[in-house]
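Letters go in sequence order (proteins before strands), and every chain restarts at 1. Values in this document were obtained by computation on a predicted structure and should not be read as measured data.
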Amino acid sequence: MVRAATLGFVLLVMVGLALPGAAPAQTKDDTIVYALQSDIDTWDPPGSVLREAIILGYQVFDHLAVRDLKTRKVGPNLAISWKTIDDTTWEVKLRQGVKFHDGTPFTSKDVKATFDRVLDPVKKMIARGNHAKIKSVEIVDDYTVRFKTDGPYPLFVERLTAQVMESEKVIREKGDEWMQEHPVGTGPYKLVSWNRKQEHLLVRNDDYWGPKPYYKYVRVRIIPEQATQIAELLSGGVDIMKAVPPDQMDVINKSGAARTATSPILRTAFLQLDQAARSGPNPFTDKRVRIAANLAADQDAIIKHVLNGLGDRVATAVNPMAFGWDPALKPYKQDVARAKKLLAEAGYPNGVDILFNEAPPTVEPGTQQTNDAIVAEMTKVGLRVKRNYIGDNTVVVARAKEGKLGPMFNWSWGYYSVFDADAILYDIFKCGEFYAYYCNKELDDLIISGRSTLDQKKRTEVYAKAQKLLFDEAAYLYKWGLRGVWGISNRVDYSAPPDEVDRMFLVTPRKK
Amino acid sequence: MRRYLVRQLVQLVVVILGISILAFSILHIIGDPVTLLLPQNAGKEEYVRYKHLMGLDQPIWIQYWKFATGAVQGDFGRSWYGNAPAFRLVVDRMPPTIYLTLAGLGVALLIALPLGVLAALKRHSFVDTLCTLLAVAGQAMPIFWLGIMLIIIFAVRLRLLPASGYGTWQNFIMPAFCLGAFLAPITMRLVRSGIIEVMNMEFIKTARAKGVAERMVVVKHAFRNACIPVITVLGLQFGQLLGGAFITETVFAWPGVATLTVDSIRNQDFPVVQCAVVLLALIIVIVNAFVDLLVGLIDPRIRAGA
């Protein structure tokens, strides 16, 4: 009888050990839970267009350079230093003693393999466009690499923060398909399991070369509905969530269970005016009408009262966090009389009809409400706005690209996390680019000269000139830089990141 | 029986072919997937390179032919996002949706059958009015609103159930109730009117005249007959239920095939959408065939007619 009981016990223990998921025993105290609205499609970050892939990539992989969240400047990471050899050659020194999760040491051949793979034109690597200026990567020794670029490439260092370092051995032996689900990085966390559209479980990399994360486990939960995310935050099922709608901030802050934190983010919102007449003749081809539009609304009041202060007024579309932003340039102030006078001079003493293609609030919170306010004030000066709401952001992006959204539409730009004026000027203002509804030879020359020198002082001067021109020309109707809102559980300490990349390895328990 | 099966099979092929052509054309009309797939800052050169890599620079009929020949052999191509086989992505996400749908169906029947019978037997009474009220309220209540209300009450305030997620039996309660509440009203009304109609028939009078107990009259004679329209309608409602499953899945972060399909439509991930649409159509056609058979099983008259 005793023997039977012992046998039963042994069997039970064996079954218990064999059960999947029994291995990492996580408790609430050593686990941080992060909510995302949608899941990534691959764990191979250069193969994905999604912001979520960048964020998760930061937990598991390392980059050659990273942004310091306090100074917002790019500093060393897996690279310890970089310098230019000549106008088209960068030399990068690598950190020694770094290991991938599978134990192989990180050396210059991993850097070369990573970039060679991304730049391969027959591979479907989404990130290729980011690095197309790089012509080749050469190994000098185990810890030194040289990058040859196609002409001077001032964004080189910025772009290093956008490329994760993957292992040469994995690329060679395992291949693209395997890498989709098995990230082998050098980062602070390792992937334990991934249930698509449901959850990721990460565990701390105890061999990490840098400061070790406080929490042993990170659970990333995919919760598509924002209301559900907030409910989870308040009931303790989630510790950190991003993109809290402004009207829900009060609910979180009064709950006693969580709080909100905001940070300016690298995204500027504006209304594009079709100066280039891409969608046909319209009043905005006349500079006086564009200036009148900029003078119509009291935007400081809109930011304060409609957006609850979640915006930073800007003079042009260049974000205050971007390199080259000119603090001396002051934004347009509301001036109804002058706006009316300019309209009359332009030949519209009795006002004029304007079609406004409105976008949903997918990337810009409160779009509807701020549009209401701006439209009301534009109508008062004689710009009679007819509103056409487009409910799906996908459609907005596609039609903007085809040049069909003129004469006026909602737009905002996130700079692809490149903190540099070039990252907006080229895509949004350079004549002939997909999203540019403005065309001016003088500006194009400035944009080109800004990206063809490595001299940062000269670039600052060029961008100051470009911003002056954009302001005087009133190219678009300029609005504000956005602020992100995060929901944070009261059991942890965490600061909202200005680059919108949440780093779970920086989360610590809340100090009492 | 053989003729019946052949007819069903032909119908199946026609439906699937029609659906796949329809889905294929609609996807191509709504826009260019390459613009969505690439980052907004990707240049024109990248655009052309991608279009070629994805085979989208070929004429549309060639693209369809490639898809169709692959699909017949079970190869639906690879997802453009993440580059995994579309079939695997869809099949992996099927079980959660099927469990949720079945659980929702169970809840709907649990609510609808007793209340429907009760309302029919106590026609025009207080109970009947109450049931009608419940049905109207249930029908009028949007699923997402009910879902969020349930979360606020049971997860945030009472902390009895997990607010969202998948995996344990507690996770099933709120979503299943939500979906059940969506289907229950129409079922209840059908049961009620079915019973009322049957109760007036001659054979019920005969049964009563034979001296059969009233309980047996209702359960054995009336209910069985009233079931036939209910089963038929439930079969037809199955597609509706999958639509309801999408909303329920979104609110409760349920990792099912409905959200996968809608996400893929939004991304214009053709291979995944095609695969999901074809498989879902297959399921609906099979469910309907099954319902036909079931009705025949319950009602010998239909069997004789077929």
Query - Greater than 12 external heavy atoms within 6.0 Å of A/Lys254's NZ - result: no
Report task. Under 4.5 Å, counting heavy-atom pairs only, tell me which of A/Gly129, A/Ala127, A/Pro224 racks up the most with chain B. Result -> A/Pro224
Report task. Can you tell which part of B/Asp263 gets under 4.5 Å to a heavy atom of chain A, answering side chain, backbone, both or neither? Result -> side chain
Query raised in the report: More than 12 heavy atoms of other residues, nucleotides or ligands under 6.0 Å from OH of B/Tyr99: is that the case?
Result: no
Query raised in the report: Taking everything shown except A/Glu177 itself, do over 12 heavy atoms lie less than 6.0 Å from its CD?
Result: no
Query - Over 12 non-hydrogen atoms of neighbours within 6.0 angstrom of CZ in A/Arg491 - result: yes
Report summary line: Honestly, the part of A/Asn130 sitting under 4.5 Å from a heavy atom of chain B is side chain
Report task. Report the distance from atom OG of A/Ser235 to atom CG of B/Leu158, rounding to the nearest 0.5 Å. Result -> 11.5 Å
Query raised in the report: Between A/Val122 and B/Arg49, which heavy-atom pair has the shortest distance, and what is it?
Result: N-NH1, 4.1 Å
Query raised in the report: Does B/Trp65 CH2 have over 12 foreign heavy atoms under 6.0 Å away?
Result: no
Query raised in the report: When you measure from the side chain of A/Glu232 to the backbone N and O of B/Ser164, does any donor-acceptor pair fall under 3.5 Å?
Result: yes
Query raised in the report: For A/Lys404, does the NZ atom have more than 12 heavy-atom neighbours from other residues, nucleotides or ligands under 6.0 Å away?
Result: no
Query raised in the report: Which atom names give the shortest non-hydrogen contact between B/Thr250 and A/Glu225, and what distance separates them?
Result: O-CB, 3.5 Å
Query raised in the report: Is any side-chain heavy atom of B/Arg93 closer than 4.5 Å to a side-chain heavy atom of A/Gln198?
Result: no
Report task. Output every pair passing ring-ring contact (aromatic ring centres under 6.0 Å, His included) with a member in residues 136-163 of chain B, not counting sequence neighbours, ordered by first then second residue. Result -> none
Query - Heavy-atom contact with chain B under 4.5 Å, split by part of A/Ala227 - result: side chain
**Report entry** Close approach to chain A in residues 66-74 of chain B, criterion heavy atom under 4.5 Å
**Finding:** none
Report task. Just do the side-chain contact (heavy atoms from CB on, under 4.5 Å) check on A/Ile126 and B/Glu46 with the steps written out, would you? Result -> CA-CA 9 Å; A/Ile126 303 276; B/Glu46 277 300 285; over 6 Å; no
Query raised in the report: By a 4.5 Å heavy-atom criterion (distance strictly below it), what part of A/Glu181 contacts chain B: side chain, backbone, both, or neither?
Result: side chain
Query raised in the report: Checking A/Ile223 against chain B: side chain, backbone, both or neither under 4.5 Å from a heavy atom?
Result: both
Requested in this report: Without swapping roles, check the side chain of A/Arg196 against the backbone of B/Leu89 for a donor-acceptor pair under 3.5 Å.
Outcome: no
Query raised in the report: Going through the distances and angles, do A/Lys197 and B/Glu249 end up as a salt bridge (Lys or Arg N to Asp or Glu O under 4.0 Å)?
Result: CA-CA 11 Å; A/Lys197 305 267 168 178; B/Glu249 284 178 11; over 6 Å; no
Report task. Find the distance between CG (B/Leu53) and CE (A/Met125) and round it off to the nearest 0.5 Å. Result -> 11.0 Å
Query raised in the report: With sequence neighbours left out, what residues match A/Asp420 under salt bridge (charged side-chain N to carboxylate O under 4.0 Å, His left out)?
Result: A/Arg459
Query raised in the report: So what's closer than 4.5 Å to chain A heavy atoms on B/Ile151: side chain, backbone, both or neither?
Result: side chain
**Report entry** Inter- and intrachain pairs under ring-ring contact (aromatic ring centres under 6.0 Å, His included), touching residues 253-284 of chain B, at least two apart
**Finding:** B/His28-B/Phe270, B/Trp80-B/Phe270, B/Tyr166-B/Trp254, B/Phe172-B/Trp254
Report task. May I ask you to name which of A/Pro121, A/Ala257, A/Ala231 has the most heavy-atom pairs under 4.5 Å with chain B? Result -> A/Pro121
